[in-house]
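Worksheet: the structure to be examined is printed underneath.
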Number of protein chains: 2
Amino acid sequence: MVAVETTWAHRLREAGLRVTRPRLSVLGVLADRPHADAGTIVTVARELHPSLSPQAVYGVLEAFVAAGIARRIEPAGAPALFELRVGDNHHHLVCRSCGAVADVDCVLGAAPCLAPSDPAGFVIDEAEVVFWGSCQACQNRDRQVAAAADPVQLEEHGTRGGAGA
Amino acid sequence: MVAVETTWAHRLREAGLRVTRPRLSVLGVLADRPHADAGTIVTVARELHPSLSPQAVYGVLEAFVAAGIARRIEPAGAPALFELRVGDNHHHLVCRSCGAVADVDCVLGAAPCLAPSDPAGFVIDEAEVVFWGSCQACQNRDRQVAAAADPVQLEEHGTRGGAGA
DNA sequence: CCCTTTTCTTGACTGACTCAAGAAAAGGGC
DNA sequence: GCCCTTTTCTTGAGTCAGTCAAGAAAAGGG
């Protein structure tokens, strides 16, 4: 416990940031939930630090991103997500149904891992890749809903689909 | 002129959509500006159709996307953009400074053009690729600003950088 | 031309995020 | 340990993109 907090404090100092309660709280939440949005971080961090304000969280996250200890991702149609895994140029899988996000290692290595053949005069520093699809849980749920609608196929289970946030 | 409108009308009917003035206006704007956001579309379309409401434009764009005659892209940190180029799985170059967007043909062909080695149980239907960098105009501007700050290098021109959008 | 369905206008509202000012906390120097 | 400066956090108002809902207007088949 103490060791963990010491580690976070160390990481903050390394990045040239002061060690504060809000920053440690946000680091703790991000360690638990690797793709949390600002609202989730506020909610969860308040369990330990009830006076924490949303604006503090926005400020902390901005400082983390500027210092290079967090990365911001913005899948279309969702609020920004933050992750502590930085510097390895990995990409993301996003579920169209529930918004779940998973990491994928970059297939090709260093950033930018891809280069267009005709860059139209642009100097490119990053290739961002988002894979859109359906996560395992949503596939299971959809299969169960389909089975309920057409019981001939999988009648033996009689399962029901629960909404998966 | 009439031929053009007739073509748009035809395209709408093909897609199963009624032909209306707002829809023709939005198509016209998108033909001129291949990566316009909703606000720009409202402003430009009102030159021809002053009573057009923002909500009508949101509705029209939603109908276009649902019908497959437009595509919505959402670069991080910017409002959604719309384009008429659909069905070819192309990708985008986005300028970090001015937000300019250019199309790039997909290097690999059909969608999803990439596949992660470990998809973590996801079924993937699309790989979205965004190349981030600096467009030609912003490179020129930055070079001029640098020259103004350090005149030894390129003194002979004495150019000044204008803020670009 | 009429009638039904779709679409558009008007206007209120939400969610994510930003801006600004003053209060509180961090951490180096003594 | 205490003080002082700088950074950071809290509080509160504001912005921007987009959504929701209800009634008016327009499309297009009969």
Side-chain angles (χ1 to χ4, degrees), chain A residues 5-6 8-29 35-43 45-46 48-67 69-70 72-82 99 165, chain B residues 5-6 8-27 29 35-46 48-67 69-70 72-82 99 165:
Chain A
E5 294 218 341
T6 303
W8 292 145
H10 185 68
R11 195 156 170 189
L12 288 171
R13 287 208 186 82
E14 269 183 335
L17 297 173
R18 287 188 178 179
V19 178
T20 69
R21 203 126 148 345
R23 286 173 178 173
L24 292 171
S25 309
V26 172
L27 278 176
V29 175
H35 302 103
D37 61 59
T40 302
I41 294 169
V42 172
T43 306
R46 276 183 170 163
L48 282 166
H49 182 173
S51 72
L52 184 67
S53 67
Q55 286 72 358
V57 171
Y58 283 113
V60 166
L61 291 169
E62 194 188 336
F64 284 5
V65 172
I69 63 175
R72 177 193 191 108
I73 59 175
E74 291 183 51
L81 306 176
F82 296 85
Chain B
E5 293 218 342
T6 303
W8 290 145
H10 186 68
R11 195 156 171 189
L12 288 171
R13 287 209 186 82
E14 270 184 334
L17 297 173
R18 288 188 177 178
V19 178
T20 69
R21 202 126 150 339
R23 284 175 179 172
L24 292 171
S25 309
V26 172
L27 278 176
V29 175
H35 302 103
D37 61 59
T40 302
I41 294 170
V42 172
T43 306
V44 177
R46 276 183 171 163
L48 281 166
H49 182 172
S51 71
L52 184 66
S53 67
Q55 287 71 2
V57 170
Y58 283 114
V60 166
L61 291 169
E62 195 188 335
F64 283 5
V65 172
I69 63 175
R72 177 193 191 109
I73 60 174
E74 291 183 51
L81 306 176
F82 296 85

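Hydrogens, waters and symmetry mates are skipped; everything else that's a heavy atom, side chains included, is used. Residue numbering restarts at 1 for every chain, and letters A, B, ... go by the order of the sequence lines.
Inter-residue side-chain proximity for A:L12 and A:L24 is flagged as met; some heavy-atom pair is nearer than 4.5 Å. Two residues are said to be in side-chain contact when any heavy atoms from C-beta on lie closer than 4.5 Å; B:T40 and B:T43 fail this criterion. Side chains of B:I69 and B:L17 form a contact here, defined as non-hydrogen atoms less than 4.5 Å apart. Residues A:V29 and A:L48 are not in side-chain contact: their nearest non-hydrogen atoms beyond the backbone lie 4.5 Å or more apart.
The CZ-P distance, from A:R23 to D:dT7, rounds to 11 Å in whole Å.
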Applying the Watson-Crick and G-U criteria (both distances under 3.5 angstrom) with [ ] for crossing and | for other-strand pairs, one obtains for DNA chain D ||||||||||||||||||||||||||||||
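B:R72 is linked by a salt bridge (charged side-chain N to carboxylate O under 4.0 Å, His left out) to B:E74, counting only residues two or more places apart in sequence or in another chain.
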Scoring nucleotides 14-30 of chain C by protein non-hydrogen atoms under 4.0 Å (B base, S sugar-phosphate only, - none) yields --SBBB------BS---
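The only option from A:L27, A:L52, A:V57 that meets the side-chain contact (heavy atoms from CB on, under 4.5 Å) definition with A:P22 turns out to be A:L52. With respect to B:V26, the side-chain contact (heavy atoms from CB on, under 4.5 Å) criterion is satisfied by exactly one of B:V42, B:V44, B:I41: B:I41.
Of all the heavy atoms in A:L81 and A:P75, the pair that sits closest is CD1-CG, 4.0 Å.
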